[in-house]
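All values reported here derive from a predicted model rather than from experimental measurement.
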Amino acid sequence: MNKTLKITLASGLLATAVTQAEETDTTLSAYAAGYTAGFTCSALFNGDKSMEQIREHELSGIYSLIADRVAQMEPRVDEQNHWVRVPYDNGNRERISVWRPKLGCVDLPVGASVDDVKFVADPFSGHKKAGKDNGQPWKQKAEVNSVSSNAQLESVLQQAFTKKYGSGARTSAVLIATPDEIVAERYIEGFTPETAQRTWSVAKSIGASVIGAAVQQDKIKPDEAAGISNWSHPLDPRRHITLENLLHMASGLDSNKAGNRTDRVYMGGGLVSDTATETALEVAPGSRWKYANNDTMLALRALHERFDSTEEYLKFPYKALLEKVGMNHTFAETDWRGDFILSSQVWTTSRDLARLGVLHLQQGQWQGEQILPEGWLEYISMPAPAQPPENSPGYGAQWWLYNERFPELPDDTIAARGNRGQFLVVIPSENLVVVRRGYDIAGEPGFNEHDFVRDVLKAL
């Protein structure tokens with residue numbers, strides 16, 4: 001055998017080995033069962049959706065890695081105990097997701113049974129779910145699903161529920177508001193102002209707001225070391241990573257080729273403390289921008305380690321931020337050890353997202369109370385030292401920046417952006433908030449929020 005042939009064969013074997021090192025069939029089935037259990041649980045008990053709605057929205061048009069497997073799975077719901085169980089591997093194994101007041105659903109690890117539910121923290125036990133949204137703080141509200149008297153705006157709103165802004169777009173809600181008025185509010189059939197959807201990565205900006213509330217209360221500072229206990233050894237270079245590096249998506253940590261691939265935490269029952277904290281540095285902190293779910297999870301893990309107890313930490317986002325601004329239909333979900341997965345796993349309504357936007361328009365003040373630090377809007381809107389490629393929006397502190405890269409929008413436009421077309425756009429110079437929710441189809445062109453917001457501004 002000649003040398004060239006040997007090298008070719010070796011390369012082929014290496015490629016095969018790399019392929020085989022990916023997820024096993026059992027792991028993929030466990031992911032699919034976990035995805036089905038988690039989304040069914042959250043949509044049922046956070047969003048009060050029917051199984052038909054869940055199949056149509058949450059479990060279709062999804063991540064190709066597991067889509068076919070999810071389509072074959074049958075969730076088993078225990079409404080009294082707020083459990084969802086999904087068998088896999090011919091019924092020999094199952095994944096379980098359990099709902100808790102305020103905290104929503106938590107996916108138990110592979111191998112857990114319903115007998116283990118008692119070990120999951122439940123600091124809001126007995127708390128009653130929020131009722132009808134009271135419409136605060138808005139003094140005026142357009143009637144839900146009413147026709148706008150502004151003909152140009154009406155046309156834009158109608159087109160938002162078509163394929164006009166993306167062939168894979170499936171819009172479920174649109175809301176346009178100022179601090180005083182809901183200008184327009186639309187939902188698809190079966191949805192109301194109380195219908196919670198998953199935010200996906202819009203949660204990152206919610207997480208930054210929780211960090212902001214902690215900064216306001218002197219619990220943490222952006223320029224100090226993250227202080228993750230796993231990185232405390234004097235030889236560990238990760239101890240130099242600051243909270244700000246994490247907020248800027250510039251930790252320098254290895255987060256695989258695609259930094260948004262955190263399947264083991266998102267649907268595998270894995271822990272933030274077992275995954276995000278374990279990766280090594282690739283480059284110096286602050287020297288590279290890379291979109292990474294782990295950076296967000298680590299920022300919140302750093303905050304967790306500032307608290308004396310997990311229960312105190314779990315209550316903090318609600319007491320310090322969400323309840324103060326009336327985000328009473330928002331569920332921030334956690335892993336089974338009590339770390340918030342605020343890179344993605346929040347369920348909330350369009351109105352609650354608009355409230356968060358209004359809080360930022362008001363420079364972090366709400367009814368006379370300074371909830372976020374003075375200057376926080378300026379801080380999150382300041383371009384990070386390392387930036388994304390020119391063909392995307394810029395990046396601040398867990399918020400996307402439209403600045404000079406998108407001249408059709410005001411330079412101070414910022415946005416929280418999430419998978420499947422979740423958008424919260426905040427435009428301080430226009431005193432305006434735009435929310436769009438959806439179930440865009442994976443792998444197809446999704447909803448173009450830039451064009452939509454541009455058209456809304458023209459109409460207004």
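- Aromatic ring centroids of Phe406 and Tyr402 lie under 6.0 Å apart.
- No cation-pi contact links Arg239 to Trp231, judged by a cut-off of 6.0 Å to the six-membered ring centre and 45° from its axis.
- Between the side chain of His57 and the backbone N or O of Gln53 there is at least one donor-acceptor pair closer than 3.5 Å.
- Of the residues Thr330, Asn46, Thr195, Thr199, the one that meets the side chain to side chain contact (heavy atoms under 4.5 Å, CB included) test with Trp347 is Asn46.
- Ion pairing between a basic and an acidic side chain is recognised when a charged N comes within 4.0 Å of a carboxylate O; Lys141 and Asp133 show no such pairing.
- Distance alone, capped at 3.5 Å, places no donor-acceptor pair between the Asn328 side chain and the Ala130 backbone.
- For the ring-ring contact (aromatic ring centres under 6.0 Å, His included) with His360, the lone residue among Tyr379, Trp366, Trp399 that qualifies is Trp399.
- For the salt bridge (Lys or Arg N to Asp or Glu O under 4.0 Å) test with Glu23, the passing option among Arg69, Arg261, Arg264 is Arg261; the others fail.
- Distance check, rounded to the nearest 0.5 Å: CD1 of Ile176 to CZ of Arg186 gives 8.5 Å.
- A heavy-atom distance below 4.5 Å is not found between the side chains of Asp335 and Val106.
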Criterion side chain to side chain donor-acceptor pair (under 3.5 Å) on Ser97 and Asp107, from CA distance to verdict: CA-CA 4 Å; Ser97 190; Asp107 294 343; 2.9 Å; yes

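- When the shell of 6.0 Å around CG of Asp308 is examined, it contains 12 or fewer heavy atoms from other residues, nucleotides or ligands.
- At least one donor-acceptor pair closer than 3.5 Å links the side chain of Thr349 to the backbone N or O of Asp352.
- With a 4.5 Å cut-off on side-chain heavy atoms, Tyr439 and Gln197 count as touching.
- A heavy-atom distance below 4.5 Å is found between the side chains of Ile427 and Val453.
- Side-chain polar atoms of His304 and Thr310 form a donor-acceptor pair below 3.5 angstrom.
- Taken to the nearest 0.5 Å, the CZ atom of Arg55 stands 5.5 Å off from the CE atom of Met51.
- More than 12 heavy atoms of other shown residues, nucleotides or ligands fall within 6.0 angstrom of atom NZ in Lys118.
- Put simply, the side chain of Glu333 does not reach to within 4.5 Å of the side chain of Phe340, judged on heavy atoms.
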Criterion ring-ring contact (aromatic ring centres under 6.0 Å, His included) on Phe39 and Tyr35, from CA distance to verdict: CA-CA 6 Å; Phe39 274 83; Tyr35 191 100; 4.2 Å; yes

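- For Glu58 and Arg198, the salt-bridge test fails: no basic side-chain N is under 4.0 Å from an acidic carboxylate O.
- Between the Thr413 side chain and the Leu409 main chain, no donor and acceptor come within less than 3.5 Å of each other.
- The closest donor-acceptor contact from the side chain of Gln387 to the backbone of Ala384 lies under 3.5 Å.
- In this structure, the side chain of Arg420 engages the main chain of Asp440 through a donor-acceptor pair within 3.5 Å.
- Looking at Tyr318, its side chain does come within 3.5 Å of a backbone N or O of Lys102 through a donor-acceptor pair.
- We find that Glu282 and Arg288 are joined by a salt bridge, their nearest charged nitrogen and carboxylate oxygen being less than 4.0 Å apart.
- The backbone N or O of Leu271 sits nowhere less than 3.5 Å from a side-chain atom of Asp274 that would complete a donor-acceptor pair.
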